[in-house]
Novice: 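Mind having a look at this structure? Questions to follow.
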Amino acid sequence: MAELNKNYIAGAWVSGASEIEHRNPSDISELVGLFAQASSSQLDDALDAAVRAQTVCPDRADIAVTGAASGPLALAIEGLSRARGL
């Protein structure tokens, strides 16, 4: 059985509400890993932690957002942040 890859939320590795398998696309019998799927409350916790982190070190917040988050993930985070009035 593959080890569960947990989510890192607010300084702790946590299991999700469910798990998803990741398989090798060229050999689907090969299980690459199991990954935690966050619940909506865990997503809220992660976003809250990210906001707190930006207030602790605001000079680096722009670097983290523009450098690390791109594509669909960045759009999802931006949309959720706007919806929450952040």
Novice: What residues form a ring-ring contact (aromatic ring centres under 6.0 Å, His included) with Phe35, not counting sequence neighbours?
Specialist: none
Novice: Got a second to check how far Gln37's CD is from Asn7's CG, nearest 0.5 Å?
Specialist: 7.5 Å
Novice: Could you report the tightest heavy-atom contact between Ser29 and Arg23, atom names first, then the distance?
Specialist: O-NH1, 3.4 Å
Novice: Where do Ala36 and Gly16 come nearest, in terms of heavy atoms and distance?
Specialist: CB-N, 3.4 Å
Novice: Let me confirm one number: the CD1-CG distance from Ile9 to Asp48, rounded to the nearest 0.5 Å.
Specialist: 11.0 Å
Novice: With sequence neighbours excluded, give me every salt bridge (Lys or Arg N to Asp or Glu O under 4.0 Å) pair touching residues 32-44.
Specialist: Asp44-Arg84
Novice: Would you say the side chain of Leu4 lies within less than 4.5 Å of the side chain of Lys6, judging by non-hydrogen atoms?
Specialist: yes
Novice: Does a side-chain heavy-atom distance below 4.5 Å link Val14 with Gln42?
Specialist: yes
Novice: Under a 4.5 Å cut-off applied to non-hydrogen side-chain atoms, are Leu34 and Glu3 in contact?
Specialist: no
